[in-house]
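Worksheet: the structure to be examined is printed underneath.
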Amino acid sequence: MALPLREELRGIAPYGAPQLDVPVALNVNENPYPPSDAVIADVTAAVAEVAGTLNRYPDREFTVLRTALAGYLGHGVTPSQVWAANGSNEVMLQILQAFGGPGRVAVSFAPTYSMYPEYARDAMTGWVVGHRESDFALDVSHALAVLKEHQPSVVLLPSPNNPTGTALPLDTVAAVCEAAPGVVVIDEAYGEFRREGTPSALELLAKTPNLVVSRTMSKAFALAGARLGYLAASEEICDAIRVVRLPYHLSAVTQAVATAALRHADELLARVDDLRAERDATVAWLRSLDLQVADSDANFALFGTFEDRHAVWQALLDRGVLIRETGPDGWLRVSIGTAEEMAAFRAALVEVLER
Ligand SMILES: Cc1ncc(COP(=O)(O)O)c(C=O)c1O
């Protein structure tokens, strides 16, 4: 029997960055540092504590975690202005479920995060993509023209951007929010990796009612395996998302693990400083090879350009180093790993370029 699959899903392969077993995996912007013994001990104790209550559904409003996330974000954000789900992927899908839908449009500007069109498709929302400039900045007049023409109910702007690493200036964010007829999501999945002096859109939250700042514990908090993403926005926006969330979407185990990890924010953010330094060194090293490298406020660097980027990607993989073939034609993206992993990346790339 032919499955009654939605027409627009026919022939589409599921999302899949290759999950290969390689010595040096620098392809999905993970944090390379596993949790410390102190984090493991605290997470284990927290899970043990909730284990005895798993016959009950979890706190639907994840009050303890929300309060901890609001405390972490600062900027006057209250617990009722925080929403969380299983990864910021789910948070943003919920935003499209609440604010998108048939007859509506979501907008972003390429190169942009590859999952956005999938959220739009899954929420049956139209998808329109403008462009960024050659240095990956967003030209405000172009952005405003796209908004005027398409009147999107949702705008999705990663800052720092994936795959380029580019952060948006606050005046750009403010101009887009002012012109947008709907909600504007500034996706700060890599927010903690910003360079000194690069501001967070959280600074605009109090005076910008249609602004949503999305964050994740997958990157800075080294918690990709736990799946915890969250946002800060007005109470009205959080309440609207509540309508579309599945009942008890955030398990008691997830809530316990994330709350325990947040108690170690200082230690985990110190690791982020190491990664930022490693990122800056990687960007400088790649430039010293006369490669183009996008300025990065994230835990990865986009570099190029190569006539045959696939050949470079494959030759690195043959040497045990997995990076990502993504972004505009000719560019490659490398996630920032440990000092040892980056040394292996450099050695492999030198070999490949010398060929
Ligand atoms: C820009 C951006 N947003 C969101 C995500 C999703 O992260 P998660 O669902 O793990 O929170 C990613 C993951 O790589 C990303 O690059």
Side-chain angles (χ1 to χ4, degrees), residues 14-19 25-32 65 69 72-73 82-97 106-120 122 129 132 136 138 154-168 173 184-194 198 200-201 212-232 241 245 249-251 254-255 257-258 261-262 268 272 275 279 294 296-302 322-327 331 333-337:
Y15 165 86
Q19 282 196 311
L26 302 172
N27 65 327
V28 286
N29 302 339
E30 291 158 331
N31 191 312
L65 174 59
L69 287 168
Y72 167 68
L73 287 178
V82 172
W83 182 254
N86 298 281
S88 53
N89 270 303
E90 189 180 61
V91 170
M92 286 185 279
L93 177 62
Q94 290 173 334
I95 290 173
L96 280 160
Q97 288 173 324
V107 156
S108 192
F109 298 86
T112 187
Y113 182 41
S114 59
M115 285 303 297
Y116 294 162
E118 298 200 18
Y119 310 151
D122 293 348
V129 63
R132 284 179 177 246
F136 307 127
L138 182 60
V154 180
V155 179
L156 294 162
L157 294 174
S159 176
N161 187 27
N162 182 7
T164 67
T166 323
L168 295 171
V173 175
V184 177
V185 181
I186 302 298
D187 176 359
E188 294 192 348
Y190 304 96
E192 287 91 344
F193 295 93
R194 295 185 323 267
T198 306
S200 163
V212 175
V213 182
S214 174
R215 290 278 184 106
T216 182
M217 293 187 76
S218 295
K219 315 291 180 182
F221 279 85
L223 216 62
R227 310 304 299 126
L228 197 288
Y230 58 103
L231 62 74
I241 295 171
R245 63 107 186 271
H249 70 293
L250 213 49
S251 86
T254 304
Q255 295 183 38
V257 169
L262 276 166
L268 291 160
V272 166
L275 289 166
R279 182 254 338 263
S296 177
D297 279 285
N299 68 340
F300 54 82
L302 188 76
L322 176 61
I323 65 168
R324 190 80 181 267
E325 205 179 337
T326 187
W331 294 79
R333 192 193 71 194
V334 62
S335 309
I336 304 303

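One-based numbering, in listed order, for ligands and for the atoms of each. Residues take their numbers from the sequence shown, with the count starting at 1.
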Subject >> Where ligand 1 meets Asn162 - atom numbers and elements under 4.0 angstrom, heavy-atom basis >> reply: 1 (C), 15 (C), 16 (O)
Original post:
Using 4.0 Å as the upper bound for N to carboxylate O, is an ion pair formed by Arg245 and Glu90?
Top reply: no
**OP:** Determine whether any heavy atom of Met115 lies closer than 4.0 Å to an atom of ligand 1.
**Re:** no
Original post:
Mind checking whether Leu156 and Tyr113 have side chains closer than 4.5 Å, heavy atoms only?
Top reply: no
**OP:** Examine the proximity of ligand 1 to Met92 and report which part, side chain or backbone, both or neither, has a heavy atom under 4.0 Å away.
**Re:** side chain
Subject >> Nearest protein heavy atom with distance in Å, relative to atom 3 (N) of ligand 1 >> reply: Asp187 OD2, 2.6 Å
Original post:
Does any N or O atom in Asn29 lie less than 3.5 angstrom from one in ligand 1, N or O only?
Top reply: no
Subject >> Contact atoms of ligand 1, heavy-atom distance to Ser218 under 4.0 Å >> reply: 8 (P), 10 (O), 11 (O)
**OP:** Could you verify whether a donor N or O on one side chain and an acceptor N or O on the other, from Arg333 and Asn27, lie under 3.5 Å apart?
**Re:** no
Original post:
Looking at Ala110 and Val129, what are the two nearest heavy atoms and their distance?
Top reply: N-CG2, 3.5 Å
**OP:** Between Asn89 and ligand 1, find which residue part has any heavy-atom pair under 4.0 Å and reply side chain, backbone, both or neither.
**Re:** both
Original post:
Taking heavy atoms and a distance under 4.0 Å, where does Ala189 meet ligand 1: side chain, backbone, both or neither?
Top reply: side chain
Original post:
Are Phe221 and Tyr72 close enough that their ring centers fall under 6.0 Å?
Top reply: yes
**OP:** Output the list of atoms in ligand 1 that are nearer than 4.0 Å to some heavy atom of Arg227, sorted by atom number.
**Re:** 8 (P), 9 (O), 10 (O)
Original post:
So, Glu30 and Ser335: side-chain donor and acceptor under 3.5 Å apart, yes or no?
Top reply: no
Subject >> Atoms of ligand 1 close to Lys219 [distance to a heavy atom under 4.0 angstrom, numbered from 1] >> reply: 13 (C), 14 (O)
**OP:** Using only heavy-atom distances, determine whether the side chains of Thr166 and Asn161 contain a donor-acceptor pair under 3.5 Å.
**Re:** no
**OP:** State if Met217 counts as touching ligand 1 under the rule of any non-hydrogen atom under 4.0 Å.
**Re:** no
Original post:
What do we get for Glu90 next to ligand 1 when only non-hydrogen atoms under 4.0 Å count, side chain, backbone, both or neither?
Top reply: neither
Original post:
Taking atom types as modelled, is there a side-chain donor on Asn89 or Tyr119 under 3.5 Å from an acceptor on the other?
Top reply: yes
Original post:
At what distance is the nearest protein heavy atom to atom 4 (C) of ligand 1, and which residue and atom is it?
Top reply: Ser88 OG, 3.4 Å
Subject >> Output field: ring centroids Tyr190/Phe300 closer than 6.0 Å >> reply: yes
Subject >> Heavy atom of the protein closest to atom 5 (C) of ligand 1 (residue, atom name, distance) >> reply: Tyr113 OH, 3.5 Å
Original post:
Below 3.5 angstrom, do we get any N/O pair linking Tyr190 and ligand 1?
Top reply: yes
**OP:** Report yes or no: do Gln94 and Trp83 form a side-chain donor-acceptor pair below 3.5 Å?
**Re:** yes
